[in-house]
Amino acid sequence: MKLRLFALAFLLVIAACAPTVQMRGTEVTTPILSEGVAVMDDGYRLPLRIWRAPPEIEERAVVIALHGMNDYSNAFAEPGPWFAHRGVTVYAYDQRGFGQTTQRGIWPGAELLTSDLRTMVPLVAAVHPGKPIFLLGESMGGAVVLATMGAARPPAVAGIVLSAPAVWGRATMNPLYRIALWLVPRIAPGERLTGQGLKIQASDNIPMLVALGRDPLVIKGTRADSVSGLADLMDDGLASAPRLSVPSLVLYGEKDEVVPKAPVERMVETLGGPHRVAVYPNGWHLLLRDLDREVVWRDILVWMMDRHAPLPSESEKQPGSLFASNKNKSNFN
């Protein structure tokens, strides 16, 4: 009897501490794109940064860039201008719950994250008629891209770039992690997790990491229910990989301490559509901001201009040997 009462009390505690997730807005409006903001169909405003190809340079392509967990559009402050001066306009927005958006720090859920990206693509395409549109997702942003493009009726894009995609879903976690992801958000959903003491390094660009630590718009303590929500998104991203049909370029760093190698390899093995993979021996998790970042930028640029062209870095690998010796061959077919 006492055991049943304890179990009932425990379930009531869990129910009372349900994870918090953002809800879709009640306003119904036509999505619009303007300088500094993108307004979604529920009235939600996404702060927006644009690096345009200058008038004297022919615009060759357009990129919609999605930042990683706890980051915001400033993640592309360096590659944005670099690509723009080579004829590629870059759009980067703060995803819901991050940067300067409302309810910052509250997990928005995979449905809203993917819905926003599906809305952004035609808005950007309307401003750049006839130009190829590419999606670039870093870490969590890569999971959003995967989940969006693997869903029914994905937006029309020329290709996607996945930089250290967050695909470490429950299917590739040990049972202890899976139990913790279920239990902790229900017992203490608002508990802030910082990752301190884990000794995980995201990049070899130390000044950049210091700047992230000082940036007030970068979330330092992640709610437990947001961590669980991220795991849901990574599950979706990994499960969506086989359903892709557009060309994709997958980028990964040998020294990545954030996303393990095994789930990335599993994703690549199941990835649908024509795809190519580059693994950088000196690359960390934040490939686009590492000390060797321009090596990665050049590979992306060359691939966007010609999906068959050899990558300048010569870092391309064949699936099944992603972390063995370089093959320098393409599996594009």
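What you see is a predicted model, and the numbers here were worked out from it, not measured in a lab. The figures here come from the full heavy-atom set of this structure, side chains too, leaving out hydrogens, waters and symmetry mates.
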State the [atom1]-[atom2] distance between [X] and [Y], to the nearest 0.5 angstrom.
{"X": "Met69", "Y": "Gln95", "atom1": "CE", "atom2": "CD", "answer": "10.5 Å"}
{"X": "Leu230", "Y": "Trp168", "atom1": "CG", "atom2": "CH2", "answer": "10.5 Å"}
{"X": "Ser115", "Y": "Asp42", "atom1": "OG", "atom2": "CG", "answer": "7.5 Å"}
{"X": "Asn74", "Y": "Asp215", "atom1": "CG", "atom2": "CG", "answer": "6.0 Å"}
{"X": "Leu288", "Y": "Phe76", "atom1": "CG", "atom2": "CZ", "answer": "6.5 Å"}
{"X": "His285", "Y": "Ser203", "atom1": "NE2", "atom2": "OG", "answer": "10.5 Å"}

Nearest non-hydrogen partners of [X] and [Y], listed with the distance:
{"X": "Ala147", "Y": "Thr114", "result": "CB-CG2, 3.8 Å"}
{"X": "Trp303", "Y": "Ile160", "result": "CH2-O, 3.5 Å"}
{"X": "Pro154", "Y": "Ala151", "result": "CD-O, 3.4 Å"}
{"X": "Thr119", "Y": "Pro31", "result": "CG2-CB, 3.6 Å"}
{"X": "Gly68", "Y": "Ser139", "result": "CA-CB, 4.2 Å"}
{"X": "Tyr44", "Y": "Thr102", "result": "OH-O, 2.7 Å"}

Counting N and O atoms only, with roles assigned by atom type, does the side chain of [X] sit under 3.5 Å from a partner on the main chain of [Y], one being a donor and the other an acceptor?
{"X": "Asp94", "Y": "Gln100", "value": "yes"}
{"X": "Ser226", "Y": "Thr222", "value": "no"}
{"X": "Ser245", "Y": "Gly273", "value": "no"}
{"X": "Lys255", "Y": "Gln201", "value": "no"}
{"X": "Asn205", "Y": "Leu291", "value": "no"}
{"X": "Asp256", "Y": "Val259", "value": "yes"}

Got a sec, which pairs hit salt bridge (charged side-chain N to carboxylate O under 4.0 Å, His left out) with one end in [range], sequence neighbours left out?
{"range": "residues 44-58", "answer": "Glu35-Arg52"}
{"range": "residues 236-251", "answer": "none"}
{"range": "residues 117-126", "answer": "none"}
{"range": "residues 69-93", "answer": "Asp71-Arg289, Glu78-Arg293"}

_Trp82 vs Trp51, side-chain contact (heavy atoms from CB on, under 4.5 Å): CA-CA, chis, key distance, verdict_ = CA-CA 9 Å; Trp82 188 93; Trp51 295 275; over 6 Å; no
Any side-chain heavy-atom pair from [X] and [Y] closer than 4.5 angstrom?
{"X": "Tyr93", "Y": "Thr101", "result": "no"}
{"X": "Glu111", "Y": "Leu233", "result": "no"}
{"X": "Val90", "Y": "Val62", "result": "no"}
{"X": "Ser313", "Y": "Val295", "result": "yes"}
{"X": "Glu254", "Y": "Lys261", "result": "yes"}
{"X": "Met149", "Y": "Ser240", "result": "no"}
{"X": "Val63", "Y": "Thr89", "result": "no"}
{"X": "Pro165", "Y": "Met267", "result": "yes"}

*Mind running side-chain contact (heavy atoms from CB on, under 4.5 Å) on Leu271 and Val250 for me, showing each step along the way?*
CA-CA 10 Å; Leu271 195 58; Val250 181; 3.8 Å; yes
*Go through the steps for Val302 and Ile300 under the test side-chain contact (heavy atoms from CB on, under 4.5 Å), then give the verdict.*
CA-CA 6 Å; Val302 167; Ile300 296 172; over 6 Å; no
Report the residues that fulfil salt bridge (Lys or Arg N to Asp or Glu O under 4.0 Å) with [X], sequence neighbours left out, ordered by chain and then residue number.
{"X": "Glu294", "result": "Arg298"}
{"X": "Asp204", "result": "none"}
{"X": "Asp116", "result": "Arg96"}

*asked:* Does Glu257 have more than 12 heavy atoms from other residues, nucleotides or ligands lying within 6.0 Å of its CD?
replied: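 Buried by this count: over 12 neighbours within 6.0 Å.
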*Under the ring-ring contact (aromatic ring centres under 6.0 Å, His included) test, residues paired with His67 that sit two or more places apart*: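 ring-ring contact (aromatic ring centres under 6.0 Å, His included) list for His67, sorted by chain: Phe98.
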*Check whether the side chains of Asp299 and Tyr280 place a donor and an acceptor atom closer than 3.5 Å, and report yes or no.*
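Their side chains do contain a donor-acceptor pair, which is all the 3.5 Å distance test asks for.
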*Taking atom types as modelled, find out whether Thr30 and Asp41 have a side-chain donor-acceptor pair closer than 3.5 angstrom.*
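Distance-only check fails for Thr30 and Asp41.
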*Considering only Ile, Leu, Val, Met, Phe, Trp and Tyr, and joining two whenever side-chain heavy atoms are under 4.5 Å apart, list the other residues clustered with Val218.*
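Taking Ile, Leu, Val, Met, Phe, Trp and Tyr as members, Val218 shares its hydrophobic cluster with Tyr72, Ile206, Met208, Leu209, Val210, Leu212, Leu217, Leu286.
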*In the hydrophobic cluster built from side-chain contacts under 4.5 Å, what are the other members alongside Val37?*
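Result for Val37 is Ile32, Val39.
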*asked:* Going by side chain to side chain contact (heavy atoms under 4.5 Å, CB included), name the residues that satisfy it together with Val121, two or more places apart in sequence or in a different chain.
replied: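 Partners of Val121 by the side chain to side chain contact (heavy atoms under 4.5 Å, CB included) criterion, ordered by chain and then number, come out as Ile64, Leu117, Leu135, Pro155, Val157.
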Please say yes or no: joined through hydrophobic side-chain contacts below 4.5 Å, possibly via intermediate residues, are [X] and [Y] part of one cluster?
{"X": "Ile57", "Y": "Ile50", "answer": "no"}
{"X": "Trp297", "Y": "Phe134", "answer": "yes"}
{"X": "Leu66", "Y": "Leu112", "answer": "no"}

*asked:* Centroid separation under 6.0 Å, is that true for the rings of Trp284 and Tyr252?
replied: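 No, ring centres 6.0 Å or more apart.
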_Does anything in residues 120-137 form a side chain to side chain donor-acceptor pair (under 3.5 Å)? List the pairs, not counting sequence neighbours._
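Non-adjacent pairs meeting side chain to side chain donor-acceptor pair (under 3.5 Å): Glu59-His128, Tyr91-His128.
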*Take Leu48 and Met120, measure what side-chain contact (heavy atoms from CB on, under 4.5 Å) needs, and give me the verdict at the end.*
CA-CA 11 Å; Leu48 177 68; Met120 284 293 298; 4.2 Å; yes
